[in-house]
Amino acid sequence: MSKYDALRDHLRRRKGEIRYTLEELSELVPGGLPPSAYRYEAWWANGDRSHPHSRSWGDAGFTAHPDLAHGAVRFVPLERASW
């Protein structure tokens, strides 16, 4: 079990592209997001199965696209993601 399971489960109930503020995402994760999620785009890397936070949105069928300057993250369904 991972502290990011709640985020995964939340995303699984969503369809299409969605955008969240970092504060909204922090509310979904028990204990909140770590400081590095607010500072480093690399924290939001996709496809890194060794990190439970990356697995959470990948297992839900999304890729993460951070916009830290605006304090937000877009989640795009894997079939629509363009990187």
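For the single chain, residues carry numbers from 1 onward in sequence order. The figures here come from the full heavy-atom set of this structure, side chains too, leaving out hydrogens, waters and symmetry mates.
Interatomic distance, CZ of Arg74 versus CD1 of Ile18, reported as 11.5 Å (0.5 Å rounding). Here CZ of Phe75 is found 7.0 Å from OG of Ser56. Values are rounded to the nearest 0.5 Å. Rounded to the nearest 0.5 angstrom, Tyr20 OH and Glu27 CD are separated by 11.5 Å. Atom CG of residue Leu68 and atom CZ of residue Arg39 lie 11.0 Å apart, to the nearest 0.5 angstrom. With rounding to the nearest 0.5 angstrom, the CZ atom of Arg12 is 11.0 Å from the CG atom of Leu7. Distance OH/Tyr4 to CG/Leu33: 6.5 Å, rounded to 0.5 Å.
Taking a cutoff of 4.0 Å between a charged side-chain nitrogen and a carboxylate oxygen, Asp5 and Arg55 do not qualify as a salt bridge.
Closest approach of Trp44 to Ala37, counting heavy atoms only: NE1-O, 2.9 Å. The two residues Gly32 and Ser26 have their closest heavy-atom pair at CA-OG, 3.2 Å. Taking both residues in full, the closest heavy atoms of Gly71 and Glu23 are given as O-OE1, 4.4 Å, listed atom of the first, atom of the second, then distance. Among all heavy-atom pairs drawn from Pro77 and Glu17, the shortest one is CD-N, 3.8 Å. Considering all non-hydrogen atoms of both residues, Ser36 and Trp43 come closest at OG-CD1, 3.2 Å.
Counting heavy atoms from C-beta outward, Asn46 and Trp57 have side chains that approach closer than 4.5 Å.
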>> Does Val73 form a side chain to side chain contact (heavy atoms under 4.5 Å, CB included) with Thr21? I'd like the steps, not just the answer.
In response: CA-CA 6 Å; Val73 179; Thr21 66; over 6 Å; no

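Side chain of His10 to backbone of Leu28: no donor-acceptor contact under 3.5 angstrom is found. A distance-only check finds a donor-acceptor pair linking the side chain of Ser54 to the backbone of Ala45 [under 3.5 Å].
Under the 4.5 Å side-chain heavy-atom criterion for Ile, Leu, Val, Met, Phe, Trp and Tyr, Leu22 and Val76 are members of distinct hydrophobic clusters.
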